[in-house]
Structure formats: structure tokens, C-alpha cells
Amino acid sequence: MSSAEGPCELLFSYGTLQLEQVQLESFGRLLDGEDDAMPGYRRTMVEITDPEVLRKSGERFHPIVAPSGDPADEVAGKVFKITSAELAAADRYEVADYKRVAVRLKSGNEAWVYVRA
């Protein structure tokens, strides 16, 4: 994991970044993920109006998460090992409704995740 080109970032996805079409278009490959969860967050939906994101995902409404204040709440998803270049591609894919933050997952790993901005 110390290779300059190899995966060195953890990215947690609870939504469209798990879709094969979005991964192929954003990263040029399919990602291999492991199940995990984000404690203390609740998932809702947001309407997407960006034509490029709509084209890639094929979905008008995307899930979005925000802290709930309740440690019993959790959002399930997958954690992926990606490169810093792929993380930059994920940043380009996400619309302004989202911001990238580091969170501690249920597994104990710390990963980047896109939450409500």
C-alpha cells in the first residue's frame, strides 16, 4: 500500500459510487469493496440536477447522509481502497450538495465519505 500508484485511500460509499457504471466511468475500473457502516449518521435523499452525474448514475435522486446525533443510527455501505487520483475523480463526480470528510467506520477504519454539505 505504499506504492505511489497503488491504492492508498479508503473511500466509504453508501450510494451511487457502488454502481458498476459509475465506477467504470469515474475510475476506469470496477472497485472491490468490503461491507462496513457509518455509526451516528442517517441517510436521506437529494435531487441531482447535474447532467453529467445524471448520465453516469442514471438516477435523479441520490442518497445523502448527515450526522444524526444518535450513535445507534448507522448507514450501511462499502469501503473501497482507491488511489489518490481516483479520490480526485470521486471529488469531480460528487455535486455541491456533498462535501468529503473523514469518518471512523464501524470496523474501526477511518475512511473518506461524502456527506451533506
Using modelled atom types and a 3.5 Å cut-off, is there a donor and acceptor pairing between side-chain atoms of [X] and backbone atoms of [Y]?
X: Asp73; Y: Arg42; value: no
X: Gln23; Y: Leu17; value: yes
X: Gln18; Y: Gly77; value: no

How close do [X] and [Y] get, counting heavy atoms only, and between which atoms?
X: Ala96; Y: Ala117; result: O-CB, 3.5 Å
X: Lys56; Y: Val22; result: O-CG2, 3.6 Å
X: Ala102; Y: Glu110; result: CB-OE2, 3.7 Å
X: Gly15; Y: Ser13; result: N-OG, 3.3 Å

_Over 60° means perpendicular and under 30° means parallel, so tell me whether Tyr93 and His62 are parallel, tilted or perpendicular._
parallel

May I ask you to test the [X]-[Y] pair for a side-chain heavy-atom distance under 4.5 Å?
X: Arg29; Y: Leu31; result: yes
X: Glu86; Y: Leu11; result: no
X: Val65; Y: Arg116; result: no
X: Ser68; Y: Tyr41; result: no
X: Asp97; Y: Tyr114; result: no
X: Lys81; Y: Leu10; result: yes
X: Phe12; Y: Asn109; result: no

*Are Tyr98 and Phe61 grouped together when hydrophobic residues (ILVMFWY) are joined by side-chain heavy atoms under 4.5 angstrom apart?*
no

To the nearest 0.5 Å, tell me how far [X] [atom1] sits from [Y] [atom2].
X: Leu30; Y: Gln21; atom1: CG; atom2: CD; result: 10.0 Å
X: Lys106; Y: Arg104; atom1: NZ; atom2: CZ; result: 15.5 Å
X: Glu94; Y: Arg100; atom1: CD; atom2: CZ; result: 10.5 Å
X: Glu52; Y: Ser57; atom1: CD; atom2: OG; result: 10.0 Å

_side-chain contact (heavy atoms from CB on, under 4.5 Å) partner of Leu54, chosen from Thr49, Val95, Ile48_ =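 Single pass found, and it is Ile48.
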
*Taking atom CD of Glu20 as the centre, does the number of heavy atoms from other residues, nucleotides or ligands within less than 6.0 Å exceed 12?*
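No, the 6.0 Å shell around CD holds no more than 12 heavy atoms from other groups.
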
*asked:* Checking Glu9 now: which residues fulfil side chain to side chain contact (heavy atoms under 4.5 Å, CB included) with it, not counting sequence neighbours?
replied: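 Partners of Glu9 by the side chain to side chain contact (heavy atoms under 4.5 Å, CB included) criterion, ordered by chain and then number, come out as Ile82, Ser84, Leu87, Trp112.
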
